Amino acid sequence: MSKQQQFLERIKAVEREYLVIKQAVQEALSRNPSLLRSVGLEYADFRQILENLEATYIVRLFAVFEAGVREVWANRYRRRTAPPMEVLLDSLAARRNIPQEHLTNAHAIRQYRNALLHQASDDIVPITIAQARRCLCTFFSFMPDHW
Amino acid sequence: MAREAFIRSVWRAHRLLVRPRVSVDGPNLDPERVAKVIAKADVWLTPNLLEDFKPQDFADASPEQRAALQRAVEQFQEIARQVPPSGPAPKRQARLGRRYLLTVIELLRQILLPEWLGALEKLCGEVEEWATRRDWAVKRDKKHLSEPLLGDYFAPRLLIHTLEARLLLDPITRFAASAEGLAELCVLPSYDSAQILRHRNRWYIRLPDADSRSQMLSEATFVKTVRQLLKSL
């Protein structure tokens with residue numbers, strides 16, 4: 001299996017893990033709606049928990065993607081620099097001939113991740129984990145097979 | 001269903017045999033110490049663990065395998081029944097219980113792994129045939145998987161080239177929630193996927209939409225799913 005393939009599968013695995021946990025929480029709560037009371041929470045907190053869960057997993061998904069592109073930068077292009085993600089994505093897009101559409105999508109996910117981390121999500125359009133995985137996997141598929 | 005309940009119990013117990021990784025939220029708590037206490041509790045050492053075992057559920061295994069499995073289950077049950085219900089198991093019982101449980105795990109692995117790989121081979125064979133009929137090129141590959149009970153193994157997977165895009169038929173796990181196996185049909189490179197679930201040795205396919213229902217996997221449902229996945233490109 002190529003290194004590129006390994007990273008694509010890792011990104012997909014994060015989404016799968018999110019779906020498993022979401023399903024498990026939903027099933028556990030449908031069986032026992034008062035389950036959250038033992039930790040001082042109410043059923044109303046549940047929706048918030050699910051929203052935050054998806055945001056948490058988007059941050060993780062992006063972290064796997066970032067680890068991959070930084071590996072490519074360091075090992076394939078022999079660069080010792082650690083540029084900000086915005087610059088790194090632009091540089092890799094130029095080197096790998098990545099179409100503008102995919103670069104724009106990757107930047108959108110990066111900006112959303114930043115908004116989640118800095119809790120500045122007022123003027124940013126929410127992105128689902130499926131959309132994030134689709135955009136990041138597509139961008140990453142332009143990376144070399146091995147590095 | 002008793003067969004699958006027994007298999008799931010052994011699968012869960014196998015996960016419990018490994019010392020857990022513990023995170024703590026207090027400065028006075030030592031995660032290593034907490035992990036040790038949890039591991040020493042031997043929560044798997046209970047007669048209920050293997051109560052769903054019925055030798056007739058393993059008619060597909062060889063008579064020797066079936067007999068060995070029954071013997072190991074009985075030995076485990078005998079030890080588990082001696083454990084005091086209100087306290088931890090004495091060291092000797094914990095050691096013997098672990099030994100018999102590991103025997104059960106190994107015997108079950110020898111039965112389940114060929115069965116699971118056989119089911120995947122059959123799935124790949126069918127999909128390969130359906131794809132070839134449509135002039136889609138198919139390439140076989142092996143994927144390394146590692147999961148409790150089955151350990152490390154290589155499973156078959158398929159890369160399918162249509163004119164519009166490539167698809168990957170990817171084995172994921174034998175122990176999916178409420179299924180006896182999970183594979184995914186992913187469109188590359190976006191990894192949008194449909195789930196392929198195994199129930200009672202039959203495969204069902206389901207798109208990831210919230211309102212989609214599982215359908216029996218057939219040539220028609222496979223091709224329909226491929227078309228739907230390609231639409232998302």
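Remember, predicted model here, so these are calculated numbers, not experimental data.
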| query | Would the number of heavy atoms belonging to other residues, nucleotides or ligands and lying under 6.0 Å from CZ of B/Arg133 be above 12? | reply | yes

| note | From the list B/Ile172, B/Leu188, B/Asp141, the residue making the most non-hydrogen contacts under 4.5 Å with chain A is B/Ile172

| said: Looking at A/Lys3, I want to see if its NZ is surrounded by more than 12 non-hydrogen atoms of other residues, nucleotides or ligands under 6.0 Å. | reply: yes

| Got a sec: does the CZ of B/Arg202 have more than 12 other heavy atoms crowding it under 6.0 Å? | no

| request: Please report the shortest heavy-atom distance between A/Gln5 and B/Tyr191, naming the atom on each side. | output: NE2-OH, 2.7 Å

| field | Over all atoms of both residues, closest heavy-atom pair of A/Arg133 and B/Ser190 | value | NH1-O, 2.7 Å

| When heavy-atom pairs shorter than 4.5 Å are enumerated against chain A, which of B/Arg157, B/Lys142, B/His144 gives the highest number? | B/Arg157

| field | side chain to side chain contact (heavy atoms under 4.5 Å, CB included) evaluation trace for A/Glu9 with B/Leu168 | value | CA-CA 11 Å; A/Glu9 291 195 5; B/Leu168 185 69; 4.1 Å; yes

| task | Check the surroundings of atom CZ in B/Arg33: do more than 12 heavy atoms from other residues, nucleotides or ligands lie under 6.0 Å from it? | result | no

| request: Mind checking the CD-CG spacing from A/Gln131 to B/Asp192? Nearest 0.5 Å is all I need. | output: 10.5 Å

| message | Between B/Lys143 and chain A, with a heavy-atom cut-off of 4.5 Å, which part of the residue counts as in contact: side chain, backbone, both or neither? | response | side chain

| field | chain A contact via B/Asp170 - side chain, backbone, both or neither, heavy atoms under 4.5 Å | value | side chain

